[in-house]
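Heads up: the structure comes next, in structure tokens.
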Amino acid sequence: MNRFVRHLGVVAFVVLFGWASAACDSGSGGGETDVPEPGVCIPSCAGRDCGDDGCGGSCGSCKHPQQCMAGTCREEGEPLPDASGGDDAADVTGGDGSGQADGRSLDVADGSGTDVGDPAEDGGAAEAGGGPEVVGPSGDGDGDGIKDNEDNCPSMANPSQLDLDADGQGNACDPDDDNDADPDDTDCAPQDPAMGKFAPEKCDGDDDNCNFEVDEGLGGQGCLPAFVDSDSDGYGDAASQVCVCKPESPGYSPIAGDCADKNPQISPDVMETCDGKDNDCNGFVDDPGAVGCKPVYWDTDDDGFGGGFAVSCECKPGGLGLTDKTGDCDDGNPDVHPLMTEVCDDIDNNCDGKTDVGCDADGDGWCGPFFAVMGTPASCPQGGGDCMDDNPLVNPGAKEVGKDGLDNNCNGVADESGGEIKFECKGPCTGHTMEAYLCSMEVCFGDLQLSSQIWSPTGDMVDSSWEAVSHFGNPNNDLNPWAGNSYALLASGPATGTSHTTDLPGGGGTPDPYAKDGYTTYDNVELKLQIKAPSGAIGFSIDYVYFSEEYEEYIGSSFNDKFYIILNAPKTTQGKSVVINSTACSKPSQYYDFIDPQSGEKKCYIAINTALSEPCSNPQTDISGTGFECGPADSQHGSSTGWLSTSWPIEGDEVFNLTFHIHDTSDGVFDSEVILDNFKWLSDPFSAGTVPHSNNP
């Protein structure tokens, strides 16, 4: 036996055997030795430089290419030390192998040099420098106090007899203590059969397969439940459950409940929003209280409006008895809510906090024509039917006054004895206000005057194109007002001054819807009125003068500026827009606008082509000082039609639209203008059409 092996064997023998002798022989040696309690493991690395210490610990490991074999580090193929004989046996029993001592002695108990005993007596012996030797079934070759025929590792001292894998081979000499097919030398946990290079990795925080990684991968045994979290919002799809070691790994979540796992804006953590989606994944879409919801109120009378406090907040308010509209001041009355028309009944019907507002504007005890009267309200104790509620002298209880143009008793007939219907305009009627402008035309009808507007169909700026004046041109010319002390000017350029060749700012061109010539129009300016005809009216008339810088050198050309009076009435014109001012043409063989279906005559609208325009060879009307009087063909000379009057039928009480329209044709220069005056209602028979007026009022 070589010196290294002999040394290990002797040390193992001395230590283990000496301990065992002392433990068992407690009454000798002049003292007592503590004996381990039953079941207590005493680790020992005697004679071992690698492998197990007998109690689950390690005596060391070997460096490559050596391996741990029977407690020693040896290369593969190198024979293990033989404790029972062989070449090294002579070192123990004698140089000739006879089993006799060679005269040298070793006191393994106290180092005195005395032999331990007779090999013949205990079945084996070891001299200094020798190792354990199996000497017989009843012997104790490794000196660990366990007879060889009972020792699970007879060639190596292991007094604890630990056999972790219960394979009959003690840990001290078992190269694979835990019997996991992974030798102790390479096993990262040689005492744990669940860990080794052939073991499956488990989710337990250990390197189960000894590859220097812990819980690698997501699968394996004993895994925790997790859910695929594709949108990384912290919640996974319940249908995507997998087992992973770390549920919080990227792409996974330990929490299910995501109902749209590809949309990070949808998860149980997201606030519900009114968008038709289940944002918070609670199984309901657009829950009450979602972001963007509308307050919902009880609607007891089912009129579409609720009162009081909101009972909930809904994305889609509705349902019987519920509404998202509030402001109902009487939720038990379906005829009372914010959209209700006010009725004269001592009730705040529209919930504006006011009762019977406007029912009796003139305070004569009679309610106006546009209000329903229920019972005998305090607002109008006399009843309803006041046909002119801004005049306390006109109501169903008043007496008719002849020749004042009023239906004083509101019976539907003005001036029942017949005659002209008159309305009084209170001046002054000059300036640049709509009130003064309408007043200058004698359009002062109280409640019958419904709306008025000056605008441009071509989008031009029209502020300079209209004005109410007391006189146009020289004071002594033929342009005095026919009624009142003023009249209205309407122009396709500046309304005042003597230069009339200005293209109005802004705007563009548009086709003329009434002319057949197809020329483009510019600088369109309109006065639009909505009027209700008096009950006794059968028609109306208006006086005017048309001026143009195009006259007379452009007759029959494309520069044919025009002035239209357009009527649209539901009964009189069957709801169609009709131009009502036209006359015979000055040169019908060269130009006309339409053929009269009744007479077959070629007709022209009021423009330079009309037969009523005055040639400069002999003008009949003095228009001096206007900038349109006869002269050179420039921006301060032209001509006019003289005073004209257009009359047209209308039905009593008919609500109609009347438009006064003027424009330039083919360009925006060489302007046109018109004076409008003396609008009046007609109650006696008359002839409809346009005729010359007296040249001087």
Side-chain angles (χ1 to χ4, degrees), residues 440-443 469 471-473 477-484 486-492 495 514-515 525-527 529 539-552 555 560-567 578-588 591-594 596 599 601-616 618-624 626 628-630 638-650 658-663 671-682 686-697:
S440 70
M441 298 171 57
E442 286 67 54
V443 178
V469 299
H471 195 88
F472 187 38
N477 64 17
D478 292 337
L479 301 179
N480 293 324
W482 279 94
S486 60
Y487 42 59
L489 300 179
L490 189 70
S492 62
Y514 302 103
V525 181
E526 290 184 352
L527 167 64
L529 302 177
F540 62 88
S541 67
I542 188 168
D543 299 332
Y544 57 96
V545 180
Y546 174 73
F547 309 86
S548 178
E549 292 287 346
E550 306 285 3
Y551 199 81
E552 59 187 314
I555 292 176
N560 189 20
D561 299 354
K562 292 187 177 70
F563 167 65
Y564 295 144
I565 300 177
I566 306 167
L567 175 66
V578 176
V579 177
I580 63 174
N581 61 325
S582 61
T583 66
C585 300
S586 60
K587 296 181 180 181
Y591 180 89
Y592 65 94
D593 286 316
F594 67 96
D596 189 323
S599 65
E601 182 183 6
K602 293 179 178 179
K603 292 287 189 75
C604 286
Y605 297 125
I606 300 302
I608 64 173
N609 294 309
T610 177
L612 298 179
S613 296
E614 298 180 351
C616 284
N618 186 26
Q620 300 297 309
T621 307
D622 181 2
I623 59 173
S624 61
T626 63
F628 286 104
E629 58 267 29
C630 291
S639 189
S640 74
T641 60
W643 282 102
L644 305 177
S645 181
T646 295
S647 301
W648 206 260
I650 200 73
L658 190 63
T659 302
F660 300 92
H661 170 106
I662 195 167
H663 69 252
D671 305 325
S672 295
E673 188 159 357
V674 66
I675 294 176
L676 301 173
D677 192 29
N678 194 27
F679 184 99
K680 58 186 178 182
W681 298 105
L682 304 177
F686 67 95
S687 297
T690 300
V691 295
H693 209 300
S694 170
N695 287 337
N696 199 346

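- The shortest side-chain heavy-atom distance between Asn480 and His471 falls under the 4.5 Å cut-off.
- Residues satisfying the ring pair (Phe, Tyr, Trp, His ring centres under 6.0 Å) criterion with Phe540, sequence neighbours excluded, are Phe656, Phe679.
- Taking the side chain as every heavy atom from C-beta outward, Leu527 and Met441 approach each other to under 4.5 Å.
- Partners of Ser541 by side chain to side chain donor-acceptor pair (under 3.5 Å), not counting sequence neighbours: none found.
- Residue Asp561 holds its CG atom at 6.5 Å from NE2 of His663, rounded to the nearest 0.5 Å.
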Problem set entry | Worked check of side chain to side chain contact (heavy atoms under 4.5 Å, CB included) between Asn609 and Tyr592 | CA-CA 8 Å; Asn609 294 309; Tyr592 65 94; over 6 Å; no
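- Asp593 places none of its side-chain heavy atoms less than 4.5 Å from the side chain of Ser582.
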For this session: Check the pair Tyr546 / Leu612 against side chain to side chain contact (heavy atoms under 4.5 Å, CB included), numbers first and verdict last.
Result: CA-CA 10 Å; Tyr546 174 73; Leu612 298 179; over 6 Å; no
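- With contacts defined as side-chain heavy-atom distances shorter than 4.5 Å, the pair Ile623/Asp478 does not qualify.
- Using a 4.5 Å cut-off on side-chain heavy atoms (C-beta onward), Lys562 and Tyr514 make no contact.
- A donor-acceptor pair is defined here as one N or O able to donate and one able to accept, closer than 3.5 Å; such a pair exists between the side chain of Ser613 and the backbone of Ala607.
- Checked against a 6.0 Å centroid threshold, the rings of Tyr544 and Phe660 do not count as neighbours.
- Listed for the Asn581 side chain is a donor-acceptor partner under 3.5 Å among the backbone atoms of Phe563.
- Atom OG in Ser486 sits 14.5 Å away from atom CZ in Phe472 (nearest 0.5 Å).
- Of all heavy-atom pairs between Thr641 and Glu614, the closest is O-OE2, 3.9 Å.
- Side-chain atoms of Glu552 and Ser639, non-hydrogen and from C-beta on, never get closer than 4.5 Å to each other.
- In this structure, the side chains of Val674 and Leu676 come closer than 4.5 Å at one or more pairs of heavy atoms.
- Although no hydrogens or angles enter the test, the distance criterion places no donor-acceptor pair under 3.5 Å between the side chain of Asp677 and the main chain of Asp543.
- For the atom pair CD of Glu601 and SG of Cys585, the computed distance is 8.0 Å after rounding to the nearest 0.5 Å.
- In this structure Phe594 satisfies the ring pair (Phe, Tyr, Trp, His ring centres under 6.0 Å) test together with Tyr605, sequence neighbours excluded.
- In this structure, Glu550 CD and Ser672 OG are separated by 6.5 Å, a value rounded to the nearest 0.5 Å.
- Put simply, CD1 on Ile606 and CD1 on Ile580 are 11.0 Å apart, with the number rounded to the nearest 0.5 Å.
- Note that CD1 of Ile555 and OG1 of Thr610 are 10.0 Å apart. Values are rounded to the nearest 0.5 Å.
- Closest approach of His693 and Ser645 over heavy atoms only: CD2-CB, 3.7 Å.
- A heavy-atom distance below 4.5 Å is found between the side chains of Leu658 and Ile565.
- Side chain of Glu442 to backbone of Asn678: a donor-acceptor contact under 3.5 angstrom is found.
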